[in-house]
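We count residues from 1, following the sequence as given. Model, not experiment: these values are computed from the prediction.
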Amino acid sequence: MILQAREAAPRSCFALEQAGVHPLLAQLLAARGVRSADELDDAPARLLPPAGLRGAAEAGRLLADAIEQGRRICIVADYDCDGATACAVALRGLALLGAERANLDYVVPDRMLHGYGLTPAIVDLARARRPDLLVTVDNGIASLAGVAHARALGLAVLVTDHHLPAVEGGAPVLPDADVIVNPNQPGCGFESKALAGVGVMFYVLLATRAELRARARFDAASQPRLDALLDLVALGTVADVVRLDANNRRLVAQGLKRIRSGRLHAGVAALFAVARRAPAQASGFDFGFALGPRINAAGRLADMTLGIECLLADDPGRAAELAARLDAINRERREVETGMREAAEATLERLSLDGSPPAVTLFDPSFHEGVVGIVAGRVKDRLHRPTFAFARGADGLLKGSGRSIAGFHLRDALDLVAKRHPGLLLRFGGHAMAAGCTLAESGLAEFDAALRGVAGEWLDAAALTRTLRTDGPLALQWFTPETVALLDAQVWGQGFEAPLFCDEFEVLQQRLVGERHLKLRLRLAGREREAIWFGRTEPLPATARLAYRLSLDEWRGQPRVQMVVEAAA
């Protein structure tokens, strides 16, 4: 483990401070590439215009026609939080724009039965709802067979997605949909390639509203307020761990402002309640670690319909009932995950890790298909190696989910494995940092060797050494509840990481709490500090260099700064 301090450009720090930004915050923002206070303007008017998103205008016309002609629209969702929020945004947004609720419906795949995306089976499932138009959200860009099947049945198809397209013969290939909206499709010059699926759908609604406005359905003063959907957009964006570029940060910031002011949907409020979080102090952390996992749990262990219905609920009582069920499923998910993680660790102990293999493949008959992605992520974090975890599906095939490290594009690696070993991968797809694939159980050893081979070629010793970027030492004057509140009010996330400080501490006291967490009393520059390291059981030496973030707990009814340790070096 290497703890590496970020560098903040002095000119940027000075410019931000001169504009009135808090000195500590100015340093943190400058270290993340912010050069002026103008970049911190999160007003909706600063969002990138939908006109720059390829296919958005055409999608707007297609949806405007469907609304005006009373055509039936069926949303084809995905079974994660991004897909669930995108589905809710689509249905709520289309209703705001004038679609009759009786003409709006949705289907969502069952992870175990249907697999991912717009498969022919999902098309048949949707067809039973008698739609005229299928709209995919957070999926569809690689659904060549499903789109072809839908078109053969006479259905119009609008694909909204943010994943990478399928590749054939070394070139990307797109489905034959009526319209495709995806910032990552060839020829799209949209500046924010990091839009989540829910963000893409939100932009399609903006384009649809513009089209309806051009048709004189309403004017700028009377047009529907789509910003009412931003709490859902923010939740899906953070939960999908997409890079928080400037545009995504504005989307999330606007969603957080609405939530903190009490303008949030009943389902989101209910999720805050079961997670015991306060909407008035909402942060991106709540989306990623409290609300998002509860929605994702439905798609992993049950039916994502529960999550979507919670987000669509307008009655607080109904929303509370659905949120409670999601909370119970999430507790079950944690239990399943704990068992799988223990099995994975036992498997790792049996594996020969001599020479530190550049990639890891895990399989255990007890693994649950819905949770392998989480386990892969835990192992990846522990070993700092690209990791695939496989579970046996109902059809007997192995369904794998992978998580990667910087410098190893997982989807591209799978593509190379497929080329070198024809027929090994029955299906694959995904992103740079997360991907999935399906193979026969007899091919597991071949896959393991092939993945290790690609990783050995692409990753050198430096890439295989975990480097954690920090913000360096924190001046004693900033160890205050006010500093924690200042930092929590900002938008942090993937690609714009929350502050992580690093100092050399004297370890005065350490003990285990809850059998799994290390409670610490530390001393820095003569001042004692309270700290906790979640998931750590090994004791620390008398002095240690620790990377930590700040949080608040309560001591005798008063807020107190606590350090949450993330790493040691």
Side-chain angles (χ1 to χ4, degrees), residues 59 62-63 66-67 71-95 99-163 175 177-182 197-198 200-201 204-205 232 236 267 295-313 322 325-326 329 369-370 393-394 427 429:
L62 183 65
L63 289 172
I67 291 171
R71 302 175 70 197
R72 293 179 59 83
I73 303 171
C74 183
I75 309 299
V76 181
D78 185 26
Y79 41 65
D80 67 358
C81 185
D82 186 18
T85 52
C87 182
V89 163
L91 292 169
R92 287 186 174 278
L94 289 170
E100 295 291 336
R101 290 190 178 272
N103 290 333
L104 298 174
D105 207 342
Y106 74 94
V107 295
V108 58
D110 182 306
R111 183 189 295 264
M112 313 304 176
L113 296 177
H114 305 112
Y116 170 77
L118 184 68
T119 62
I122 288 297
V123 172
D124 290 337
L125 186 66
R127 189 189 182 198
R129 314 294 178 93
R130 298 182 294 106
D132 302 297
L133 169 64
L134 298 182
V135 179
T136 72
V137 291
D138 193 31
N139 74 91
I141 194 64
S143 300
L144 307 182
V147 171
H149 184 53
R151 295 292 298 277
L153 294 173
L155 300 177
V157 180
L158 164 59
V159 168
T160 76
D161 201 353
H162 69 129
H163 295 89
D178 292 79
V179 181
I180 297 174
V181 185
N182 183 335
V198 67
V200 175
M201 188 62 227
V204 167
L205 292 172
L232 300 171
I295 296 176
N296 278 328
R300 295 185 186 282
L301 297 186
D303 180 358
M304 185 47 88
T305 300
L306 286 173
I308 295 172
E309 287 298 316
C310 181
L311 298 176
L312 291 175
L322 291 166
R325 292 172 65 184
L326 291 172
I329 295 169
E369 183 180 339
R427 290 185 294 277

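- Rounding to the nearest 0.5 Å places CD1 of Ile67 at 8.0 Å from CG of Leu104.
- Under the 3.5 Å distance criterion, with hydrogens and angles disregarded, no donor-acceptor pair is assigned to the side chains of His114 and Tyr79.
- A donor-acceptor pair under 3.5 Å is absent between the side-chain atoms of Asp178 and the main chain of Ala156, judged by distance alone.
- Scanning all heavy atoms of the two residues, the minimum distance from Ala77 to Asn139 falls at O-ND2, 3.6 Å.
- With a 4.5 Å cut-off on side-chain heavy atoms, Thr85 and Val137 do not count as touching.
- Judged as a side-chain hydrogen bond (donor to acceptor under 3.5 Å, both in side chains), and not counting sequence neighbours, the contacts of Arg92 are Asp314.
- The structure places CE of Met304 at 8.0 Å from CG of Leu326, a figure rounded to the nearest 0.5 Å.
- Counting only heavy atoms from C-beta outward, the side chains of Asp138 and His163 approach each other to under 4.5 Å.
- Smallest separation of non-hydrogen atoms from Leu134 and Ala150: CD1-CB, 4.0 Å.
- The structure places CG of Leu158 at 6.0 Å from CG of Leu62, a figure rounded to the nearest 0.5 Å.
- The nearest pair of heavy atoms linking Thr160 to Val135 is CG2-CG1, 4.3 Å.
- Contact annotation: the side chain of Leu118 never approaches that of Val159 to less than 4.5 Å [non-hydrogen atoms, C-beta and beyond].
- More than 12 heavy atoms of other shown residues, nucleotides or ligands fall within 6.0 angstrom of atom CZ in Arg71.
- Between the CD1 atom of Ile75 and the CG atom of Leu94 there is a distance of 5.5 Å, given to the nearest 0.5 Å.
- Using a 4.5 Å heavy-atom threshold, the side chains of Val107 and Cys74 count as touching.
- The side-chain hydrogen bond (donor to acceptor under 3.5 Å, both in side chains) search around Asp105 returns Arg129, not counting sequence neighbours.
- The backbone N or O of Ala102 lies less than 3.5 Å from a partner atom in the side chain of Arg72, making a donor-acceptor pair.
- Residues Ser143 and Pro175 share a closest heavy-atom pair of O-CB, 4.0 Å.
- Separating the CD1 atom in Ile122 from the OG1 atom in Thr136 is a distance of 12.0 Å, to the nearest 0.5 Å.
- Residues forming a side-chain hydrogen bond (donor to acceptor under 3.5 Å, both in side chains) with His149 (at least two apart in sequence, or on another chain): Asp124.
- Residues Val76 and Val157 are not in side-chain contact: their nearest non-hydrogen atoms beyond the backbone lie 4.5 Å or more apart.
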From CA spacing to verdict: side-chain contact (heavy atoms from CB on, under 4.5 Å), Asp303, Val108: CA-CA 8 Å; Asp303 180 358; Val108 58; 4.1 Å; yes
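- Closest approach of Val123 to Gly146, counting heavy atoms only: CG2-O, 3.3 Å.
- Side-chain N or O atoms of Asp161 include one that pairs as donor or acceptor with a backbone N or O of Gly140 at under 3.5 Å.
- Heavy atoms only, all atoms of each residue included: Ala88 and Leu312 are closest at CA-CD2, 3.8 Å.
- Within the model, atoms CE of Met201 and SG of Cys87 stand 9.5 Å from one another, a figure rounded to the nearest 0.5 Å.
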